[in-house]
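Convention: sequence-line order gives letters A, B, ...; per-chain numbering from 1.
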Amino acid sequence: MPTSFEDRVYAALKKVPRGRVTTYKILAGQVGCCSARAVGQALKRNPFAPRVPCHRVIASDLRIGGFGGRCSGPQIRRKRALLASEGVLFSKGVLADPARVFRFFP
DNA sequence: CACCGATGTCCAA
DNA sequence: TTGGACATCGGTG
């Protein structure tokens, strides 16, 4: 069962519209903490997967980051495909269009 | 370019 | 209650 921290992470993640992506740092700031690592753990646990679009979360460097518990592998390929299906294209593991990053504070 | 510490949370013993 | 782990970030050499 999700903790209050995870609940905030998922709530903020659900606010991300389709076709947009967010970063661990931004998500962490939304949930009220400065540790992106904590968010990563919450997403890894992701009890609501795939109901929660955890694939819309990337690293602050606009890199795909990790997925499925690793930085590369079949899961990462799936992540990139899902994002591409939503209009978010990646190039060499880096977000091709940084403008696709959704910020909670416009 | 590469390495290390910092940061917040979760899990297991 | 204590220690280790994590899908990271940022600064420094």
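dA7(C): no Watson-Crick or G-U partner with both key distances under 3.5 Å is found in any strand. With a cut-off of 3.5 Å on both pairing distances, the Watson-Crick or G-U wobble partner of dC1(B) is dG13(C).
Of the side-chain N and O atoms in Ser35(A), none sit less than 4.0 angstrom from OP1 or OP2 of dT9(B). Residue Lys25(A) places at least one side-chain N or O under 4.0 Å from the OP1 or OP2 atom of dG10(C). For Arg37(A) and dC10(B), the shortest distance from a side-chain N or O to OP1 or OP2 is not below 4.0 Å.
In this structure, Asp7(A) places its CG atom 14 Å from P of dT9(B), rounding to the nearest Å. Summarising the geometry, the separation between NZ on Lys44(A) and C1' on dT8(C) is reported as 14 Å, rounded to the nearest angstrom. A straight line from CZ of Arg80(A) to C1' of dA7(C) spans 16 Å, rounded to a whole angstrom. Summarising the geometry, the separation between CD1 on Ile26(A) and P on dG10(C) is reported as 11 Å, rounded to the nearest angstrom. Taking atom CG on Leu43(A) and atom C1' on dC6(C), their separation rounds to 11 Å, with Å as the unit. Distance Tyr24(A) OH to dC6(C) C1': 11 Å, rounded to the nearest Å. In this structure, Ile76(A) places its CD1 atom 9 Å from P of dT8(C), rounding to the nearest Å. With rounding to whole Å, Leu27(A) atom CG is found 14 Å from dG8(B) atom C1'.
Among the atoms of the strands shown, only primed sugar atoms or phosphate atoms (P, OP1, OP2) are found under 4.0 Å from some heavy atom of Phe5(A). Among the atoms of the strands shown, only primed sugar atoms or phosphate atoms (P, OP1, OP2) are found under 4.0 Å from some heavy atom of Glu6(A).
Once rounded to the nearest 0.5 Å, the distance linking CZ of Phe48(A) with CD of Glu6(A) reads 9.0 Å. Asp61(A) contributes atom CG, which lies 10.5 Å from atom NZ of Lys25(A) (distance to the nearest 0.5 angstrom). Here the OG1-NZ distance, from Thr22(A) to Lys15(A), works out to 12.0 Å after rounding to the nearest 0.5 Å.
Using a 4.0 Å cut-off between charged nitrogen and carboxylate oxygen, Glu86(A) and Arg56(A) count as a salt-bridge pair.
Here the side chains of Ile58(A) and Arg63(A) are not in contact, with every heavy-atom distance at 4.5 Å or above.
With DNA chain B read from its 5' end, the first of the two nearest nucleotides for Ala36(A) and Arg45(A) is the one closest to Ala36(A).
No N or O donor and acceptor, one from the side chain of Gln41(A) and one from the base of dA7(C), sit under 3.5 Å apart.
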